[in-house]
Amino acid sequence: MTAETTERQFNIDTVEHAATTPDTELPWAELGLKRNEFDEIVRILGRRPTAAELAMYSVMWSEHCSYKSTKVHLRQFGDKLTEDMKKDLLVGIGENAGVTDLGDGWAVTFKIESHNSPSYVEPYQGAATGIGGIVRDIISMGARPVAVMDPLRFGAIDHEDSQRVVHGVVAGIGGYGNSLGLPNIGGETVFDPIYQGNPLVNALAVGVLRHEDLRLANASGVGNRIVLFGARTGGDGIGGASVLASESFDDTKPSKRPAVQVGDPFAEKVLIECCLELFKNSLVEGIQDLGAAGISCATSELASNGEGGMQVELTDVLLRDPTLTPGEILMSESQERMMAVVSPENVAAFEDVMATWGVEYSWLGEVTDTNRLIITWDGETIVDVDPKTVAHDGPVYERPYHRPAAQDALVADRFRDSTSGADLPASGDALRAAVLELMASPNMCDKSWITSQYDRYVGGNTALAAPDDAGVVRVDEETGLGVAVATDANGRYAFLDPYAGAQLALAESYRNVATSGAVPMAVSDCLNYGSPEDPEVMWQLAEGIRGLSDACLELGVPVTGGNVSLYNQTGSKPIHPTPVVATLGRFDDVGRRTPSGFHHEADGQAVYLMGV
Amino acid sequence: MPTIVVDVMPKPEILDPQGKAIAGALPRLGFTGFAAVRQGRRFELTVEGEVTDEVLAQARQAAEDLLSNPVIEDVVNVTVLAEAAPAGEPVPAEDAEGQNA
Amino acid sequence: MPTIVVDVMPKPEILDPQGKAIAGALPRLGFTGFAAVRQGRRFELTVEGEVTDEVLAQARQAAEDLLSNPVIEDVVNVTVLAEAAPAGEPVPAEDAEGQNA
Amino acid sequence: MTAQSNHAAELPLIGDFSTAGPVLTGARIGVVTFPGTLDDRDAARAVRLAGGEAVALWHAEPEGAQALSGLDAVIIPGGFSYGDYLRAGAIARFAPLMDAIIDAAGGGGLPVLGICNGFQILTESHLLPGSMIKNENLKFLCTDQVLRVENNTTAWTRDFTAGEEITVPLKNQDGQYVADERTLDELEGEGRVAFRYVGANPNGSRRDIAGITNAAGNVVGLMPHPEHAVEAGFGPDSPAGMRLGTDGLGIFTSVLASIAGSAGHTAGTTAGGTQ
Ligand SMILES: Nc1ncnc2c1ncn2[C@@H]1O[C@H](COP(=O)(O)OP(=O)(O)O)[C@@H](O)[C@H]1O
């Protein structure tokens, strides 16, 4: 497993070169950086960045990776935590996924993430790789993934583009999740024209682990080796960054860089088993999945979470496309890859596990005591940075926000005052017709045309799945210990009142978990909103986070992780604020779970309506 | 009836998991002469009547619109299959085809 | 590097659900010139070095042993692709290929 | 897959499944894992719940015959071996272990069950005739499926009554069973249709065939998943209640009964010599 080739000829922009060519024009704007952000990079480095450094900063300082617009608000999830809420938290927000203690030495990790815009561009692959990405987050905690869920939002069911998006997304989620052997235990499907150009494809994964198998993404222990394993690196997902195709920035050679990633669920299934064997035999010290921002993210996060520095030789990365430049390799979003830190005495055992599963790997470098992340290309330094400045000290914005002027009118616009509200059903027949109309609406009617495309049986531990209110999986066969998860959101409520809407989303998923018979323990959220640069959207977002964090405090359940998806808008028209909230609960014994719906066993039993 | 063949392949820069799996299996079976494999799709469209320019144009359009996904695939061939061997007869592989390029 | 193309089609007597679905979709999109559609697979095997008789024989064997299932499929072509277009360039579909038959 | 679990208690989700569980009959049943196999843990659990001992078999065992020695039967479970790329089962069929299984199963020897992807592998190996193509509607389908046991004389069906209807989950994308008319006639003529779909044909399979057997009755393949209907609370809906169906268990108790009924545990010998 040596480097494929080191003969590739590029005009390599080294640190040395950068220091002596301060005036080189760099495509920072094309890479999505703002002037002030680029100036900050120059200030941090004390010189202009190299092409490779520019690539790293630009992806890591993106909204997606840095949470620059929401950081100041998301803090509330950490601030509004009581000691009681923390008592079962083994790992909180900040890691790949939060981890909650289940007792008996078991722990559970779960997280929800978005893959919205890729799923609009290429529905099948976008949704498939959404499942792939969230599952790798779960593996990287040391857990075995045990279930997935998929809350979805589509445009109008009869719009000409919906067929492409809906069927592609559902097939992609099934195609990837089914191939991994992960039961799909629930989700949501909502049709609303507001999502026409911005469908929401959120994916959730749950994993379980023994306490001793817990792994974190940090590179510690000077001399420990850095290894990249799984799929080879291709040009996936860097279509937008094709300005890097020529790293000298002076000519524009045509480049073919796929903007979409194609998933390989088989490779991921093998990666799961391979990682579990590594964990079981304690062969990795730290581990990180490669998702958005690929190697940039993995190296800078591992290094900055560790105690030293890291040295990496980039020509040792195994490539699918040998024409990739260093900057592109750093940004590539090729799927089904992991990076791990392995102590020298475990190198041989690590290689044995790779051989068993037929997984490719390459040793890239080692942990150092320099506090610097140094990346070389054939021995020449092309990145020399403090990894914290890449991974954690990105820009933070206090974006202006205000309540929309039209909000009052929106709230005042009551259905009963409208023309259609004037003839609310009065007679029995009219009521009957209204009920039938409601039941036939795409949002109310049977979802089994979707759920029948998902495997809910695999694993043999699914105690509840569609059509139940919550999904339930058994964790321990001996005791029946298990978990329940439900996801919910209502974008129309949140549009009317972003604060209360987020709270209602939590309340609904909390109720769904509770009615299944589980005790709610933890929350993960995926905040789907429009552009944060629009002060009215920013207000929805600020209110949503404030509302959700207040409600979590009230109910005593901590947010253990989540994801923010912004810029979900077509032109200046944002989607409704859609905070999708997932609640996880615990069962002592899943044998006591309560299915939703009536069964003929229940003939003759009484029906009660509880609550207000 | 005449047949139009449409060949669709994954774009070269796009990952082809199927091809990769096949490439991995070949050497295990003793086939060691191949460096890479890519798997695409071949469509045979049976034409009712004659293959006019109009029909060929339809086939080309259908290849772009329906038979391929332009985001990840290329249409690499739209050609008329010479009528001969009764449908279903495996064609002897000896005669090389002059493929367009 | 030279490429060998292997084409595999479902046997005529075997129902082809994918072809059937496409045949059903074509007229809905206004493509009315086609009586039937069948979907098969096209494999492109990249050859390291020259396409010797030995390599071609390997490809034929692989086509029979692995790339097709004789119960449901026929190997309809094993041919050498003329080397030309740089990898990744979509080949213009205009030029018809002289297909063997 | 090969290393032993460190945990003493049975951990169904993490660790090795092969050692735990009550062993009533002493029968040892191998469960094969290929890269991409998904239902191996489930099949092993089914064997245990039926009273047998499940033994994990890795596809790449260099000494296939030796790996089979001492085993009384083998299950090739469901999943997506090699991603189902190329054709379902096509690549897995060439695993070294498969050669040994083909040898051992020949001539009415080792009982072998192929479930879903396992069935596809058995047809690709020509241990069973026919093949599977995409479901008629081209979609993956997961549903509770009623089957009729057409042949209750095989090694894997003797605990059922002839014509008995059972409910087990069906879940696959390439589940449409096809074969030429002559083969189909032969299968029916010789009573080798083991299971048939009852009600609407879910995937277009010829003559509603859900599972078949070889002439000797030791090799059986079926598309639906009996191993997902072995434990109340985790199975399909049944008249007894939601998710309480355990009809699949009969497949696994059948083979244990067959093994007990045959002259001791001789599969190891047929598989290539006692060690
Ligand atoms: N996209 C989906 N993926 C998985 N399960 C889904 C999806 N959409 C709906 N479901 C499941 O279908 C069932 C019914 O959904 P829904 O009609 O939204 O129910 P409810 O109105 O009770 O929330 C639930 O069990 C839900 O989890």
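Note: hydrogens, waters and symmetry copies are ignored here, and every other heavy atom, side chains too, is used. Proteins come first, then strands; the chains are lettered A, B, ... in the order of their sequence lines, and each starts at number 1.
- No side-chain donor-acceptor contact under 3.5 Å links Arg243(D) to the backbone of Leu464(A).
- Neither the backbone nor the side chain of Ala171(A) comes within less than 4.5 Å of any heavy atom of chain D.
- Contact annotation: the side chain of Asp84(D) never approaches that of Phe266(A) to less than 4.5 Å [non-hydrogen atoms, C-beta and beyond].
- Between Cys142(D) and Tyr454(A), the closest side-chain pair of non-hydrogen atoms is not below 4.5 Å.
- Within residues 227-234 of chain D, the residues having any heavy atom less than 4.5 Å from a heavy atom of chain A are, in residue-number order, His228(D), Glu231(D), Gly233(D), Phe234(D).
- Contact annotation for Val472(A): neither backbone nor side-chain heavy atoms come within less than 4.5 Å of a heavy atom of chain D.
- At most 12 heavy atoms of other shown residues, nucleotides or ligands fall within 6.0 angstrom of atom CD in Gln163(A).
- Here the closest non-hydrogen pair linking Met242(D) and Pro595(A) is SD-CB, 3.7 Å.
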Given Lys171(D) and Val458(A), is the side chain to side chain contact (heavy atoms under 4.5 Å, CB included) satisfied, shown in steps?
CA-CA 9 Å; Lys171(D) 39 163 227 186; Val458(A) 63; 3.5 Å; yes
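- Inter-residue side-chain proximity for Tyr457(A) and Pro236(D) is flagged as met; some heavy-atom pair is nearer than 4.5 Å.
- Residue contact with chain A, scored on non-hydrogen atoms closer than 4.5 Å, involves the backbone and the side chain of Tyr82(D) alike.
- Thr143(D) and Arg456(A) make their closest contact through CA-NH2, 4.4 Å (heavy atoms, listed as atom of the first residue, atom of the second, distance).
- Annotation: the span from Ser452(A) atom OG to Leu170(D) atom CG amounts to 10.5 Å, rounded to 0.5 Å.
- For Phe80(D), there are no ring pair (Phe, Tyr, Trp, His ring centres under 6.0 Å) partners, not counting sequence neighbours.
- Contact between Tyr85(D) and Pro265(A) at its shortest, heavy atoms only, is OH-CD, 3.3 Å.
- What you find for Ser179(A) and Leu38(D) is that their closest heavy atoms are O-CD2, 3.4 Å.
- Residues Glu477(A) and Arg41(D) are not paired through a salt bridge, judged by the lack of any N-O separation under 4.0 Å between the basic side chain and the carboxylate.
- Residues Phe140(D) and Asp455(A) approach most closely at CE2-N, 3.9 Å, considering heavy atoms.
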